Asks: 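There's a structure below that I have some questions on.
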Amino acid sequence: MNKKLLSETDIRSKFITPALCGPNGAGWDLMTQLKEEAYFTKGRVVVRGKTVQRGEAKKADYLLYYKPNLPIAVIEAKDNNHAVGSGMQQALEYAEILDVPFAYSCNGDAFLEHDRTATSGTVTREIPLDQFPSPGDLWLRLCAAKGLTQPQIAVTTQDYYDDGSRKSPRYYQLIAINRTVEAIARGENRILLVMATGTGKTYTAFQVIWRLWKSGAKKRVLFLVDRNILADQTKTNDFKPFGAAMTKIVNRTVDKAFEIYLCLYQAVTGTEEDKNIYKQFSPDFFDLVVVDECHRGSAADDAAWRQVLEYFASATQIGLTATPKETNDVSNIEYFGEPIYTYSLRQGIADGFLAPYKVVRIGLDKDILGWRPELGQLDKYGNLIEDREYNLSDYDRNLILEKRTELVAAKVTEFLRATNRFAKTIIFCETTDHADRIRQAMVNANPDLAAANSKYVMRITGDDDEGKAQLDNFIDPEATYPVVACTSRLMSTGVDAQTCQLIVLDKRIGSMTEFKQIIGRGTRINEDYGKLFFTIMDFRGATALFADPTFDGDPVQIYEPGPDDPPVPPVEPPPGGESPEPTLPPDPGPGPGGEGPEPPRRYVINNVPVSVAVERVQYLDESGRLITESLTDYTRKTVRTAYATLDAFLTVWNDAEKKQAVLEELAAKGVFLDELAEQVGRDYDAFDLVCHVAFDAPPLTRKARAEKVKKRDLFSKYGEKARAVIDALLQKYADSGIASVESMDILKVTPLPSLGTPTEIVNLFGGKRAYIAAIRELESALYQEAA
């Protein structure tokens with residue numbers, strides 16, 4: 001057998017797989033210890049204009065497991081025309097991403113091994129094809145390198161919970177779970193996990209707790225959350241397998257007969273009576289305390305419920321957060337130590353597990369320029385307005401411009417009408433009162449839908465029981481209503497809104513933690529419901545925080561002022577970085593000198609017009625970073641980066657077996673030709689769009705290219721029916737482009753079936769190989785002058 005003639009797939013099936021799990025192989029189980037072509041990312045969602053598609057997902061040729069969910073080696077295969085180590089760089093890249101200790105490259109002759117646990121001696125070595133290490137060999141080497149004892153190994157090899165569906169955690173969840181379990185097995189007692197919103201922190205925590213509980217390493221567990229809905233979701237969803245061993249602490253009632261306890265922060269940090277609840281347990285009652293959303297005060301020295309952590313100081317404590325706090329007053333890292341693992345928003349978007357987003361920045365004239373009342377001007381209720389300049393720090397707190405509220409609702413409605421009026425939307429407002437006024441304005445802007453169902457728009461705030469009762473329906477993908485949720489702070493964290501497609505910011509946000517949490521409401525992907533990305537509409541300049549180095553997820557598109565436009569006002573942090581509800585003082589009665597009551601702190605003004613001053617667009621590159629050029633400029637830069645000259649592009653184009661592969665590669669870089677065609681010309685071939693925009697080559701329409709081929713009469717060597725097929729294919733090309741001609745499915749599309757079945761048509765050319773050669777000849781003719 002001449003290996004040089006075999007494809008990479010043949011090398012895998014004939015040499016590598018038998019070496020691993022064949023009759024004379026290394027003893028790897030094909031069903032439980034080996035995944036071939038193991039995809040571990042989803043492929044980044046790329047958004048350009050109206051076009052949305054996924055980039056290429058990452059996959060390892062082989063991923064080997066010591067036990068299910070305990071990956072131990074990655075193998076990259078190459079055909080035999082490559083050297084044995086040609087796949088090593090890729091194998092090492094994947095091994096680092098997947099936190100796997102052993103990396104291999106193989107070309108069918110031998111294996112090249114790289115031992116990532118080795119700190120001295122032989123790091124790489126070549127291994128004969130028939131001497132690949134067994135699962136036990138690699139596991140012993142790994143345990144020896146880490147210095148694990150037998151009791152520690154027993155904990156680290158404890159099985160994951162398996163519901164029988166063969167669902168496997170995502171790669172980053174495996175890393176978080178396995179590192180945490182191993183660290184606790186070693187005796188570490190303070191652990192911080194940083195995982196972006198939407199990446200499955202609760203599921204990760206469940207698997208950690210399950211494995212420690214089942215192994216006997218931890219017998220009693222306290223899981224603290226900050227929302228009642230989160231406790232209920234956790235109990236009925238991720239934690240359901242704990243069954244009768246689990247309870248939720250309610251009504252200040254403690255039953256010590258359980259092993260897994262769910263509890264709200266508020267249940268132990270409220271009144272003095274509440275604070276004593278945890279003292280009904282002895283300090284050593286819990287072996288493990290897991291703190292969800294630990295940025296919300298658990299690490300602050302003065303946090304009321306920090307006492308709980310100190311009371312159970314002997315327990316192992318795990319902090320879970322999407323946004324680790326590091327300020328002068330609060331430090332998660334000071335308390336828990338450096339994160340044992342971090343999976344960021346940026347990485348989640350790059351991997352395709354989290355939704356990217358567009359940003360629409362809208363600058364209103366009164367926001368940018370401020371507003372000052374006329375001398376002696378009265379508000380809606382006859383109050384004399386204090387004479388000074390008002391700006392974003394005043395609006396919807398001590399000064400209400402009703403026309404501004406109406407305009408915000410109008411712009412949100414305009415966006416929904418242009419996209420999807422039933423897209424789940426969260427509008428974040430300054431206060432609960434502001435949320436109610438936005439709700440009214442949205443009802444008035446959407447009278448038809450509000451009349452059809454009164455829950456189309458709802459205020460969902462902490463002081464509104466009716467609204468809070470609808471929160472479950474808002475986050476339920478199958479529930480149509482409510483569609484628009486107006487809130488202030490209640491929904492800024494812990495709300496799993498999988499199908500949220502629009503987040504509106506009409507509040508100042510001075511805290512990066514709060515900003516990240518709010519953005520996290522939209523980052524979940526739900527492909528079943530068509531949710532692949534979301535939009536942020538910003539009226540307050542809050543998205544200026546994207547430029548902060550502590551923010552780690554870039555937008556895919558952003559609308560903002562051009563260089564000649566007035567700037568959108570920058571974000572101004574409210575005092576203390578929070579957004580408390582303003583309180584109006586009671587009427588103090590007559591002021592000094594009997595001049596009547598003092599002016600109120602808040603004015604309501606209904607006759608001051610407000611208009612949009614700025615709304616501009618910018619595009620981003622394939623890595624999600626903001627760029628300033630137009631789509632055509634972006635295309636030119638991207639194509640010229642990939643192909644330095646027109647000749648270089650023509651060489652790749654003419655050598656490509658399928659031209660569609662070149663177009664897909666450009667699309668993965670963010671060059672979306674459908675959007676480009678809208679600007680340059682719908683009738684141009686994709687080839688002409690690229691050559692014209694990137695290299696200034698004169699373009700030809702598809703119809704013109706097809707006519708040139710017909711005039712040259714290049715296919716007279718074929719019979720009459722075969723020439724009729726060529727003519728039909730040329731017409732299809734003129735109508736829809738080269739991709740349709742390259743697909744065998746075109747033979748099933750009118751008018752080609754009238755010329756015969758696909759098999760009959762192929763046989764007109766002398767068989768499939770000859771038909772494909774004819775298609776290549778047709779393509780060469782179409783692009784002849786570009787050769």
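Computed from a predicted structure; not experimentally measured.
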Asks: Would Glu527 and Lys42 pass as an ion pair if we require N to O under 4.0 Å?
Replies: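 Here Glu527 pairs with Lys42 in a salt bridge, since their nearest N and O are under 4.0 Å apart.
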Asks: For Ser344 and Ala196, which heavy atoms make the closest approach, and how far apart are they?
Replies: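 The answer is C-CB, 3.7 Å.
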Asks: Would a distance-only check, ignoring hydrogens and angles, find a side-chain to backbone donor-acceptor pair under 3.5 Å from Lys424 to Phe474?
Replies: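 Between the backbone of Phe474 and the side chain of Lys424 there is a qualifying donor-acceptor contact (under 3.5 Å).
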Asks: To the nearest 0.5 Å, tell me how far Ser105 OG sits from Gln90 CD.
Replies: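 Result: 9.5 Å between the selected atoms.
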Asks: Can you check whether Phe286 and Phe312 have ring centres sitting under 6.0 Å from each other?
Replies: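 That pair passes the under 6.0 Å test.
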Asks: Please tell me whether Tyr481 and Asp476 have a donor and an acceptor in their side chains that are separated by less than 3.5 angstrom.
Replies: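 The answer is no; no qualifying pair exists.
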Asks: In sequence, state the C-alpha distance, the side-chain angles, and the governing distance for Tyr341 and Tyr172, and then conclude on ring-ring contact (aromatic ring centres under 6.0 Å, His included).
Replies: CA-CA 9 Å; Tyr341 183 62; Tyr172 62 85; 7.5 Å; no
Asks: A side-chain contact here means heavy atoms from C-beta on lying under 4.5 Å apart; do Gln233 and Ile475 qualify?
Replies: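 The answer is yes, as the side chains (C-beta and beyond) meet within the 4.5 Å cut-off.
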Asks: Do Thr199 and Arg170 touch side chain to side chain, with heavy atoms closer than 4.5 Å?
Replies: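 With C-beta onward as the side chain, the pair stays apart.
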Asks: If only side-chain N and O atoms count, and only distance matters, is there a donor-acceptor pair under 3.5 Å linking Thr17 with Tyr62?
Replies: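 Side-chain D/A pair, Tyr62 to Thr17: present.
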Asks: Could you tell me if Asp238 and Thr202 have a donor-acceptor pair between their side chains, going purely by distance under 3.5 Å?
Replies: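 Asp238 and Thr202 do not have a side-chain donor-acceptor pair below 3.5 Å.
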Asks: Would you check if the side chain of Lys531 reaches a backbone N or O of Arg524 as a donor-acceptor pair within less than 3.5 Å?
Replies: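 Side chain of Lys531 to backbone of Arg524, a donor-acceptor pair under 3.5 Å: yes, one is there.
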Asks: Under 3.5 Å, is there a donor-acceptor pair between the side chain of Glu126 and the main chain of Phe111?
Replies: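 The answer is no, because no donor-acceptor pair under 3.5 Å joins these two groups.
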Asks: CZ of Arg116 to CG of Leu142: how many Å apart, nearest 0.5 Å?
Replies: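 So the CZ of Arg116 and the CG of Leu142 are separated by 11.0 Å.
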Asks: So which heavy atom on Tyr104 is nearest to which on Ala91, and how close?
Replies: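 That closest heavy-atom pairing would be O-CB, 3.5 Å.
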Asks: Consider only side-chain N and O atoms of Thr197 and Lys516, and report whether a donor and an acceptor are under 3.5 Å apart.
Replies: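 There is no such pair (donor and acceptor under 3.5 Å, judged by atom type) between the side chains of Thr197 and Lys516.
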Asks: Could you check whether any side-chain N or O of Gln33 sits under 3.5 Å from a backbone N or O of Lys67, counting only pairs where one atom can act as donor and the other as acceptor?
Replies: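 A pair under 3.5 Å: no.
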Asks: If we only count heavy atoms from C-beta on, is the Leu502 to Phe534 side-chain gap below 4.5 Å?
Replies: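 Of all side-chain heavy-atom pairs linking Phe534 with Leu502, none is under 4.5 Å.
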Asks: Going by atom types only, do Asn69 and Ser168 share a side-chain donor-acceptor pair under 3.5 Å?
Replies: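 Judged by distance alone, the side chains do pair up.
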Asks: Can Glu36 and Arg12 be counted as an ion pair, charged N to O under 4.0 angstrom?
Replies: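 Here Glu36 pairs with Arg12 in a salt bridge, since their nearest N and O are under 4.0 Å apart.
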Asks: Less than 4.5 Å apart, side chain to side chain, heavy atoms only: is that true for Leu262 and Thr247?
Replies: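 No; the side chains remain at least 4.5 Å from each other.
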Asks: Considering all heavy atoms of both residues, which atom of Gln470 and which atom of Asn473 are nearest to each other, and what is their separation?
Replies: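 Taking Gln470 first and Asn473 second, the nearest heavy atoms are OE1-ND2, 2.9 Å.
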Asks: Would you give the length of the straight line joining atom CG of Leu63 to atom OH of Tyr39, rounded to the nearest 0.5 angstrom?
Replies: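 Between atom CG of Leu63 and atom OH of Tyr39 there are 14.0 Å.
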Asks: Any carboxylate oxygen within less than 4.0 angstrom of a Lys/Arg side-chain nitrogen, looking at Glu182 and Lys146?
Replies: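 Salt bridge between Glu182 and Lys146, a charged N being under 4.0 Å from a carboxylate O: yes.
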Asks: State the CD-NE2 distance between Glu8 and His82, to the nearest 0.5 angstrom.
Replies: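 The NE2 atom of His82 is 8.5 Å from CD of Glu8, to the nearest 0.5 Å.
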Asks: If the condition is salt bridge (Lys or Arg N to Asp or Glu O under 4.0 Å), which residues does Arg190 pass it with, not counting sequence neighbours?
Replies: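 Salt bridge (Lys or Arg N to Asp or Glu O under 4.0 Å) check on Arg190 returns nothing, list empty.
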Asks: Quick test of your reading of the model: are Arg211 and Asp159 salt-bridged, counting only N-O distances below 4.0 Å?
Replies: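 No salt bridge links Arg211 with Asp159.
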Asks: Look at the side chain of Glu113 and the backbone N and O of Arg125, then say whether any donor-acceptor pair between them is shorter than 3.5 Å.
Replies: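 Checked: no pair found.
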Asks: May I ask you to decide if Ile260's main-chain N or O and Trp213's side chain share a donor-acceptor pair within less than 3.5 Å?
Replies: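 The answer is no, because no donor-acceptor pair under 3.5 Å joins these two groups.
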Asks: Do Asp351 and Tyr343 get their side chains close enough for a donor-acceptor pair, meaning under 3.5 Å?
Replies: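 Note: Asp351 and Tyr343 side chains meet the donor-acceptor criterion.
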Asks: Considering all heavy atoms of both residues, which atom of Thr32 and which atom of Tyr65 are nearest to each other, and what is their separation?
Replies: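 Taking Thr32 first and Tyr65 second, the nearest heavy atoms are O-CB, 4.3 Å.
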Asks: Does a side-chain heavy-atom distance below 4.5 Å link Leu354 with Ile525?
Replies: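 Leu354 vs Ile525: side chains apart.
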Asks: Taking the ring centre of each residue, are Tyr311 and Phe281 less than 6.0 Å apart?
Replies: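 Here the rings of Phe281 and Tyr311 have centres that are no less than 6.0 Å from each other.
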Asks: Taking all heavy atoms of Ile177 and all of Val208, pick out the closest pair and write down the distance.
Replies: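 That closest heavy-atom pairing would be CA-CG2, 3.9 Å.
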Asks: Step through it carefully: locate the ring centre of Trp210, locate the ring centre of Phe242, and say whether they are under 6.0 Å apart.
Replies: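 Yes, the ring centres sit under 6.0 Å apart.
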Asks: Give the minimum heavy-atom separation between Gly319 and Phe336, together with the two atoms involved.
Replies: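 Taking Gly319 first and Phe336 second, the nearest heavy atoms are N-CE2, 3.5 Å.
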Asks: For Thr234, is there any backbone N or O sitting under 3.5 Å from a side-chain donor or acceptor partner on Thr236?
Replies: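 Not at all, since once roles are kept as given, no pair shorter than 3.5 Å links the two residues.
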Asks: Cation-pi between Lys59 and Phe40: NZ/CZ under 6.0 Å from ring centre and within 45° of the ring axis?
Replies: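 Cation-pi check for Lys59 and Phe40: fails.
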Asks: Apply side chain to side chain donor-acceptor pair (under 3.5 Å) to residues Asn189 and Thr316 and explain how you reach the verdict.
Replies: CA-CA 4 Å; Asn189 284 321; Thr316 297; 2.8 Å; yes
Asks: Tell me whether Lys14 at atom NZ has more than 12 heavy atoms from other residues, nucleotides or ligands lying less than 6.0 Å away.
Replies: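 Result for NZ/Lys14: open.
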Asks: Output the distance between atom CG (Leu30) and atom NZ (Lys35), rounded to the nearest 0.5 Å.
Replies: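 NZ of Lys35 is found 13.0 Å from CG of Leu30.
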Asks: Tell me whether the rings of Phe206 and Phe239 are parallel (<30°), tilted (30 to 60°) or perpendicular (>60°).
Replies: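 Because their plane-to-plane angle lies in the 30° to 60° range, the rings of Phe206 and Phe239 count as tilted.
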Asks: Start with the C-alpha gap between Lys78 and Asp61, add the side-chain angles, then the distance that decides, and say whether salt bridge (charged side-chain N to carboxylate O under 4.0 Å, His left out) holds.
Replies: CA-CA 9 Å; Lys78 295 293 181 183; Asp61 289 333; over 6 Å; no
Asks: Treating Asn107 as the side-chain partner and Asp79 as the backbone partner, does any N or O pair qualify as donor plus acceptor under 3.5 Å?
Replies: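 Looks like no, no N/O pair under 3.5 Å.
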Asks: Any heavy-atom pair between the side chains of Phe422 and Thr480 that's under 4.5 Å?
Replies: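 Sidechains of Phe422 and Thr480: in contact.
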Asks: So do the side chains of Met88 and Glu76 get within less than 4.5 Å of each other, counting heavy atoms only?
Replies: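 Heavy-atom side-chain distance check fails, nothing below 4.5 Å.
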Asks: Measure the CZ-OH distance between Arg220 and Tyr261 for me, rounded to the nearest 0.5 Å.
Replies: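 Answer for the CZ-OH pair, Arg220 versus Tyr261, is 7.0 Å.
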